[in-house]
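Read the structure below first, then the notes.
Counting starts at 1 for both ligands and their atoms, in listed order.
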Amino acid sequence: MLEQVADVLRAARRALFVTGAGVSADSGLPTYRGMGGLYDGVETPHGRPIEDILSGRTFQRDPELVWRYLGEVERACRSAKPNAAHRVIAALQDRMEVVVLTQNVDGLHLDAGSREVIEIHGTLRRLRCRCGAREEEVDYSRRRVPPRCAACERIMRPDVVLFGEMLPPGALQALRVHSDRGFDVVFSVGTSSLFPYISAPVLDAARRRVPTVEINPGDTELSARVAFHLRGRAAPTMTAIARLLGE
Ligand code: OAD
């Protein structure tokens with residue numbers, strides 16, 4: 001199957017990689033669901049489901065509580081480096097146009113050098129405030145958490161999509177523009193694909209008979225629908241593909 005996937009990539013001019021927490025698992029970051037996932041056990045020490053705590057509504061009422069949990073995610077991300085999967089996806093840009101649609105807020109695809117990255121759930125690296133102030137490339141090691149706005153002293157929030165919030169319109173628009181142009185191959189790497197806007201590009205491609213590849217050690221609702229399910233971890237699997245391509 002790896003050989004067939006490598007053949008597909010050899011012929012492709014435009015590729016879409018849809019990625020989730022599993023692509024960063026090989027960088028040591030926890031996933032959200034599944035073994036060792038952040039949402040495992042569902043109840044938080046505060047006795048509320050994590051979806052309730054990490055929500056836009058809770059942020060309005062109790063931003064410090066939300067930051068206690070976001071702070072943990074941020075600390076895990078801070079020391080993380082891109083792994084071979086991020087790097088191989090970036091290196092493929094030398095051969096073809098590569099678009100990355102990621103749910104990850106860790107910025108590792110950008111660190112690896114991917115240029116066309118749609119961060120559909122936002123990024124922890126930007127902060128914004130209700131007063132309109134924004135901070136880019138935040139260095140949390142030099143900030144107190146929760147971070148406060150230099151202009152109005154309110155607690156700022158990271159530019160991520162919390163539960164119950166809308167997806168960023170710019171990201172949706174970028175996805176639409178790229179999808180209209182079409183892809184020669186669509187990958188789903190390390191995501192449970194629970195959200196319709198994440199599974200749709202893969203299912204649409206499969207319907208149009210565009211080659212589809214899933215890289216995931218487990219099964220998802222996509223597994224039976226893709227042309228190739230590579231049942232393995234992202235980093236070693238992408239490395240094996242790169243080798244076959246002579247990279
Ligand atoms: P999940 O935690 O739901 O799924 C992680 C997926 O990665 C699972 O299907 C695992 O089997 C797979 N996996 C685990 N280790 C892997 C590895 N080394 N290589 C490849 N795959 C591996 O994460 P997401 O699908 O990203 O949203 O979750 C989607 C969204 O749910 C997140 O962005 C977050 C959460 O609610 C928000 O916070 C808005």
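- Listed by atom number, the atoms of ligand 1 under 4.0 Å from Asp26 heavy atoms are 18 (N).
- Residue-ligand proximity, Gly20 to ligand 1, at heavy-atom distances under 4.0 Å covers atoms 26 (O).
- Across all their heavy atoms, Leu108 and Ala80 have their closest contact at CD2-O, 3.6 Å.
- Using a 4.0 Å cut-off between heavy atoms, Arg233 contacts ligand 1 through both its backbone and its side chain.
- Atom numbering of ligand 1 starts at 1 in the shown order; those under 4.0 Å from a heavy atom of Val161 are 39 (C).
- The distance criterion of under 3.5 Å between nitrogen or oxygen atoms is met by Thr191 with respect to ligand 1.
- Contact detail for His86 and Val23: the closest heavy-atom pair is CE1-O, 3.5 Å.
- With respect to Glu247 and Arg95, a salt bridge is recorded, a charged nitrogen being found less than 4.0 Å from a carboxylate O.
- Across Arg148 and Glu64, no two heavy atoms sit closer than the pair NH2-OE2, 3.9 Å.
- Between Glu165 and Arg57 no salt bridge is recorded (no basic side-chain N to carboxylate O distance below 4.0 Å).
- Considering Pro30, Gly22, Ser55 only, the shortest heavy-atom separation from atom 16 (C) of ligand 1 involves Gly22.
- Per-residue contacts place Ala21 under 4.0 angstrom from the following atoms of ligand 1 (heavy atoms of the residue considered): 23 (O), 24 (P), 26 (O).
- When each atom of ligand 1 is checked for a heavy atom of Ala234 under 4.0 Å away, the hits are 17 (C), 19 (N), 20 (C).
- In this structure, Val66 and Ile53 approach most closely via the heavy-atom pair CG2-O, 3.3 Å.
- By heavy-atom distance, the residue among Gly190, Ala25, Pro236, Ser27 lying nearest atom 6 (C) of ligand 1 is Gly190.
- Every ring-ring contact (aromatic ring centres under 6.0 Å, His included) that Phe17 has, sequence neighbours left out, goes to Phe187.
- Scored by the ring-ring contact (aromatic ring centres under 6.0 Å, His included) test, Phe228 finds no partners at all (sequence neighbours excluded).
- Of the polar atoms of Phe195, none of the N or O atoms is found under 3.5 Å from an N or O of ligand 1, judged by distance alone.
- Close approach of ligand 1 to Phe163 is summarised as follows: ligand atoms under 4.0 Å from at least one heavy atom of the residue are 36 (O).
- For atom 3 (O) of ligand 1, the candidate residues are Ser188, Ala235, Ser192; the nearest heavy-atom contact is made by Ser192.
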